[in-house]
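See structure below.
What you see is a predicted model; the values in this text were computed from it and never measured. Note on naming: letters A, B, ... go to the chains in the order of the sequence lines (proteins, then strands), and numbering restarts at 1 for each one.
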Amino acid sequence: MSGPAPGEPSDAVLLRRHVQGDADAFGMLFSRHKNRLWAVALRIACDPDDAADALQEAMISAFRRADGFRGDSAVTTWLHRIVVNSSLDLLRRRSAQSVGWSGDPDDLPVPEPRQRVDSTASTDSRLDVQAAMRALPPPQRAALVLVDMLGYSVADASSILGVTEGTVKSRCARGRAKLLPHLSHLRSDYPGGRNQPVTDGVSFEQGGGT
Amino acid sequence: MSGHWPPDWEDQEEEFPEGADQLDADAEAQLSEVAAYLASVPVPVMPDSVETRISAALAAESATRAGHAAAPTDASRTLDRKKARARVRRNWGGGGPHRFRSLAGGSLVVCLLVGLGFALSYGGGSSSSSSEAGSGGAPVSSSISAESNAGSGSSAKSAAAPKAAGSFAPAGRGPKAATPPRTKPVPTPSSSSASSAASSAPTASTPAPAPTSPAPSAAPSVSFAVTTSGTNYQKATLGSQVRARLNPPGLSGTSPSTALRGCVSQVTGGPSPQLVDRATYQGSPAYIIATSSRAWVVGVGCTATNTELITSVPLAGLPGNLRALVSVEQYRRTSSI
């Protein structure tokens, strides 16, 4: 999961080929970034099934709208934006469905199993993180996923999310503050490494979220 | 992206909190630790099931796109045909020539035309064609088809070689498009089906048979004068406009050039026209050629080998259904049967 290997076409070239009718180009593009896109969808949706739905919807949307890509940003940024929007749209629809309950008990959605924040499960810190992320409003969650978990710069996250950099910083700060109580028991485990963003021949500013 | 969230998604203050830069060092360190911890969480690997599912969805999307891509290709071919006016007639009926060719009913149409007096629709038509019709072989004369005439130019060599016919074929057709001139008799239903007639048509590698009907352009014997009425013929009223010029007869005109003589001969299939009018059609310069039963519009560059046929309409008072049959028959002649 990274940029193109030496000798391989860049993301932009693959996308252009796709637009020109190359039947395999988009598949290669998806294959190249699938794990990172999956991470975005999964972290935002907080549910594998929802993430799969959102990612599939996003990929089909990207497939169809590729000719509208103007090259103003990196292809990965564009793909991430579509995945983020798709994930948030899905959550929004879910939220609307829960709000629009008719009052009939039979219409209540089947509760999904949720992992609670439980310090006793600290042996699996990833579960704690996943559970803690659920506590965040999805916009904050998306900002944290992009900046803190995937290593995008505030500027790139701003482009992906379609908000100002100040808003990204705000969401990240608030999100971290909300996560702190849930993750404090893991403080001793905090490592120093960071995830590295993928590149599409474009250098990404590191950090920036703090 | 903000501003359209469910209410519980919104923070009261979206912008960076004013006091954020005044956090004490400990709080700031704690938040930094959270960020560092989040950064350490490994990127999950996409499950195979999800990858398979999305790949399948993309493959289906790709297949759909490929299906849609075929339509614009066809459309572009149609546009190409519009550029080459002689090809326009290939699109009559909305289907491709291959589709038409496969219609066994085509032979039935020929039979009906013979039975109902095919010669009537070509009043004053070639006597040799009529004799062929009488002998059971419906003539597929070159009276209308620009394409069919392409190979039967003024020289014997062009009459034997279908090279020019290929120039009217839609792109991508390959050698099959280089069909012989449609002077080849079409078997009647009693002798064979239309499909067998199609399969018996010589290929590009087979020399085309010599025309059984007179090769009009080889020895243009038509006599006519060219009028210059200046009329702007219109698609919707072409028939009535031409009829108005036929009755009473049109203006006295000038003597045609050899090229135009060959053109007219090819277009009418031999009979002398009652009208050859240098005018405009839909605003574009064109020749209007008419016999008593039919009118043709061709480009001003019309020659025996390239008639630049734009359109054609029947003029005789044929019943509508018979007129339709004539149109079908004309289509059959313009398609490579």
Contact list (residues 54-62 of chain A to chain B, heavy-atom gap under 4.5 Å, by number) returns A:L55, A:Q56, A:M59, A:I60

B:L38 side chain near A:V145 side chain, heavy-atom distance below 4.5 Å: no

message: I'd like to check B:E33 versus A:L180 (side-chain heavy atoms, cut-off strictly below 4.5 Å). Are they in contact?
response: no

Closest non-hydrogen atoms of A:F30 and B:S55, given as atom of the first, atom of the second and distance, are CE2-OG, 3.9 Å

Correct closest heavy-atom pair for A:R43 and B:P42 would be NH2-O, 3.2 Å

If you define the side chain from C-beta out and look only at heavy atoms, does anything of A:W38 sit under 4.5 Å from B:P44? yes

Okay, B:V50 and chain A: the region with an atom under 4.5 Å from a heavy atom over there is side chain

Does some side-chain heavy atom of A:M133 sit less than 4.5 Å from a side-chain heavy atom of B:V41? no

Taken in chain and number order and not counting sequence neighbours, the residues that satisfy side chain to side chain donor-acceptor pair (under 3.5 Å) with A:D72 are A:R70

Here the gap from A:M149 atom CE to B:Y37 atom OH, rounded to the nearest 0.5 Å, amounts to 9.0 Å

On a heavy-atom basis, the closest approach of B:V43 and A:R36 is CG2-NH1, 4.1 Å

Most contact-rich option vs chain B, by heavy-atom pairs under 4.5 angstrom, among A:D53, A:L42, A:D49, is A:D53

>> I'd like to know if the side chain of A:D148 reaches the main chain of B:A39, judged simply by a donor and an acceptor atom lying under 3.5 Å from each other, with no hydrogens or angles considered.
In response: no

dist B:L58:CG -> A:D24:CG (nearest 0.5 Å) comes out at 11.5 Å

One should read off an interatomic distance between A:H18 NE2 and B:S62 OG, to the nearest 0.5 angstrom, of 8.0 Å

Residues passing the salt bridge (Lys or Arg N to Asp or Glu O under 4.0 Å) test with A:R64, sequence neighbours excluded, are B:E61

A:A177 meets the side-chain contact (heavy atoms from CB on, under 4.5 Å) criterion, sequence neighbours left out, with B:L31

